Amino acid sequence: MIDTSLQPIGVFDSGYGGLTILKEFVKKLPDRDFIYLGDNARTPYGGRSYETVYSYTLEAVLKLFQMGCRLVIIACNTASSKALRTIQQKNLPEIDPCRRVLGVIRPTVEILGSVTKTKHIGILGTVGTVSSNSYLLEIHKLFHDFVVVQEACPLWVPLVENNETNNPGTDYFVKKNIQQLLADDPKIDAILLGCTHYPLLIDTIRKFTPPQVTIIPQDQIVAESLTNYLYRHPEIDAGCSKTGSVRFFTTDSTDLFDERGSIFFQMPIASEKIVL
Ligand code: DGL
């Protein structure tokens, strides 16, 4: 049952990855209410078309609105790349101009200026995120002279989802993708993990990355950005209830979500099933 007296902040991801972001939201904003929605029945989104990712993401956002959320964070790079702009510009004005939907790409890009000296940045992401060029476009809006190279890592999400983060097979694929990125541009001094799953691979990524290269996971960056956003928009903050509750919904098996999701969230989870 949904408690409609609450106005939680909605957090959406195609599956488990957004839990790495939610974990940091809860640390930074422990008094806010959150609802997490993972579309595990239809994950992964990484290789799907624009139309499919957009329609799935819109369904999830509408469901979170129905559940009382006035603010929804799309905590998925693939969905942020392929659906966020259309939802913000086309759907929101028709649905309710007072609600807000935010993504993870812009806040992550904003911090890059303070990280790189060479102004050469590497992006790792899903096929969908990389082929959308969303990071490239956002980076060049803020930093015209940055050189950006991207590498799609199609196997990383399934490896993480299957809890295969620490074995020689995973090492092989992580090394291969990192080496390709660095071969494409040896001047890179910062690698951005443009997928919410990748923080779970950070030890393996470090193993194959030269020490002078900074690795940038986005979970804390996005949480800091949300905190600033709520401070700068008291009218939105006033529409977020504050009883410190966190609820988890999945479109697939709750048992599996609780088991695997707790690895991403780093705490036990008791999820509920939802139909989109
Ligand atoms: N969590 C998604 C992201 O950040 C990737 C997972 C998927 O392919 O569905 O891009």
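Since we're looking at a predicted model, the values are computed, not measured. Order of listing sets the numbers, starting from 1, for every ligand and every atom in it.
Residues Tyr198 and Trp156 place their aromatic rings such that the two centres sit under 6.0 Å apart. In this structure, Phe265 has its ring center no closer than 6.0 Å to that of Tyr36.
Comment: Lys119 engages Asp145 in a salt bridge, judged by a side-chain N to carboxylate O separation of less than 4.0 angstrom.
A distance limit of 4.0 angstrom between heavy atoms and ligand 1 selects the residues Asp13, Ser14, Thr43, Pro44, Tyr45, Gly46, Cys76, Asn77, Thr78, Thr126, Val157, Cys195, Thr196, His197.
For Lys187, the salt bridge (charged side-chain N to carboxylate O under 4.0 Å, His left out) test picks out no residue, with sequence neighbours left out. In this structure, the salt bridge (charged side-chain N to carboxylate O under 4.0 Å, His left out) partners of Asp237, at least two apart in sequence or on a different chain, are Arg32, Lys242.
Applying the side chain to side chain donor-acceptor pair (under 3.5 Å) rule to pairs touching residues 223-236 yields Lys28-Glu224, sequence neighbours excluded.
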